[in-house]
Amino acid sequence: MILDPVNSVASLDFYKKVAGQSFWRSLLYLCHLGGLFAVLCTFAIKLKVGPIIDETFNWLARSVPTMTYANGRVTSSSPGPLKLQHPRMPEIAVMIDTTRTDAVTPQQLEEAKVMAFLSASAFYLRHQSGKVEVYDLSKTPSGTRPLTIDPAFFRTANTLMSRVLYPLALVITFGVFLIWKLLSSLIYSVVALLINAIGAGGLAYSELFNIAVYAQTLVVFLQILALFLPFTIPALPLLSILITSVYLWLAVKRQSPSSPPALA
């Protein structure tokens, strides 16, 4: 199983063995491939997104004044209006004004060019569509302890984010990969049926499905490579269809009784 990805790319004769195996072994192979993809995808997220997350929390720790949330109200060591703008992503900007008690309108958020506004008793978040969500902070359960938001708070939040984000990304990526590749295997198995009919390969659908699963291996390698490249691979979806179809054609033809024997 460990060498199956290499054999799937390098050896067409390997598909003769693949065709005759059970569905469950093909599913296990997808899990094996999905685990590899999920680990490397999570590592790519760590490399590309991790520094941005760290920088954002460091910026918040440096820029946000010490605030306290208690009894349904936010107070600040710098109570007047304060606009915070991300140093690298100017579209991320927040206005803090804990002296304000009246509602903030979407027009005011637009005029201030901020995506969020924190007042004394509410948090306003503007989406790209222009819709504004309002989180009422005035209603707190009785007995709630005061919450202090200071540099230590953001450092702790960053640590918790790292502990949750990457394991969660690993699990989600693996699940999405498995569903994605099972569906694409079903689609490619239909293509394999057409190839089998045209070439008179004489293979059963179960054999063609197994071949379809393994024929996507090189594309998965390309998709992993794309995660780490500083540029986008041109026409990758079209290239993926072409590569998989070629592998399907060659693998099905190799199963034909009239196909030439492999070279020793």
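Not measured: the values here are computed from a predicted model.
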Over all heavy atoms of both residues, which pair between [X] and [Y] is shortest? Give the atoms and the distance, please.
X	Y	answer
Phe174	Gly34	CD1-C, 3.6 Å
Leu236	Ala226	CD2-CB, 4.2 Å
Tyr214	Tyr15	O-OH, 3.2 Å
Ala61	Pro151	O-CG, 3.5 Å
Thr173	Ala38	CG2-CA, 3.8 Å
Leu40	Phe228	O-CZ, 3.4 Å

Under 3.5 Å, is there a donor-acceptor pair between the side chain of [X] and the main chain of [Y]?
X	Y	value
Asn210	Gln21	yes
Gln85	Pro90	yes
Lys83	Val114	no
Arg126	Pro106	no

To the nearest 0.5 Å, tell me how far [X] [atom1] sits from [Y] [atom2].
X	Y	atom1	atom2	value
Tyr188	Leu208	OH	CG	15.5 Å
Asn196	Leu248	CG	CG	11.0 Å
Ser121	Lys139	OG	NZ	11.0 Å
His86	Met115	NE2	CE	11.0 Å
Ile211	Ser8	CD1	OG	11.0 Å
Cys41	Tyr166	SG	OH	12.0 Å

*Apart from Ile172 itself, what residues make up its hydrophobic cluster when side-chain heavy atoms of I, L, V, M, F, W and Y under 4.5 Å apart count as a link, directly or indirectly?*
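Besides Ile172, the cluster holds Leu168, Val176.
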Is there a chain of hydrophobic side chains (I, L, V, M, F, W, Y, each step under 4.5 Å between heavy atoms) that links [X] to [Y]?
X	Y	result
Val94	Phe154	yes
Leu194	Trp249	no
Ile187	Ile241	no
Val219	Val190	no
Tyr247	Leu203	yes

*Answer yes or no: are there more than 12 heavy-atom neighbours, outside Asn71 itself, under 6.0 Å from its atom CG?*
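For Asn71, atom CG is not crowded (no more than 12 foreign heavy atoms under 6.0 Å).
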*Quick check: are there more than 12 heavy atoms from other residues, nucleotides or ligands sitting under 6.0 Å from NZ of Lys113?*
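Open.
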*Is there a side-chain contact (heavy atoms from CB on, under 4.5 Å) between Leu33 and Phe177 once you walk through the steps?*
CA-CA 9 Å; Leu33 209 57; Phe177 179 91; 4.2 Å; yes
Close side-chain approach of [X] and [Y], heavy atoms under 4.5 Å:
X	Y	result
Leu222	Ile243	yes
Val132	Val104	no
Arg100	Pro81	no
Leu84	Trp59	yes
Leu186	Leu182	no
Phe117	Gln108	no

*Please work out whether the ring planes of Phe37 and Trp180 are parallel, tilted or perpendicular, with thresholds of 30° and 60°.*
perpendicular
*Using the six-membered ring wherever Trp is involved, compare the ring planes of Tyr29 and His32 and label them parallel, tilted or perpendicular (cut-offs 30° and 60°).*
tilted
*Just jot down the salt bridge (charged side-chain N to carboxylate O under 4.0 Å, His left out) partners of Arg163, sequence neighbours excluded, or say none.*
none
*Which residues satisfy the salt bridge (charged side-chain N to carboxylate O under 4.0 Å, His left out) test with Arg62, sequence neighbours excluded?*
none
*Under 3.5 Å, is there a donor-acceptor pair linking the side chains of Ser138 and Asp136?*
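Side-chain D/A pair, Ser138 to Asp136: present.
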_Distance-only polar pair, side chains of Ser119 and Tyr124, donor-acceptor under 3.5 Å_ =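 No donor-acceptor contact under 3.5 Å links the two side chains.
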*Should Val246 and Leu250 be marked as a side-chain contact (heavy atoms from CB on, under 4.5 Å) after you check the CA-CA gap, both sets of side-chain angles, and the distance that decides it?*
CA-CA 6 Å; Val246 168; Leu250 294 175; 3.9 Å; yes
*asked:* Just to verify, what does Gln128 make a side chain to side chain donor-acceptor pair (under 3.5 Å) with, not counting sequence neighbours?
replied: none
_Results of side-chain contact (heavy atoms from CB on, under 4.5 Å) for Tyr69 - residues two or more places apart only_ =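 If we apply the side-chain contact (heavy atoms from CB on, under 4.5 Å) test to Tyr69, skipping adjacent residues, the hits are Val74, Leu137, Thr140, Leu147.
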*With sequence neighbours excluded, residues passing side-chain contact (heavy atoms from CB on, under 4.5 Å) with Val49*: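 Here the qualifying residues are Ile45, Ile53.
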*Chi angles and distances behind the side-chain contact (heavy atoms from CB on, under 4.5 Å) call for Leu27, Trp24*: CA-CA 5 Å; Leu27 181 60; Trp24 297 110; 3.7 Å; yes
*Should Arg73 and Thr101 be marked as a side-chain contact (heavy atoms from CB on, under 4.5 Å) after you check the CA-CA gap, both sets of side-chain angles, and the distance that decides it?*
CA-CA 10 Å; Arg73 186 178 179 87; Thr101 56; 3.9 Å; yes
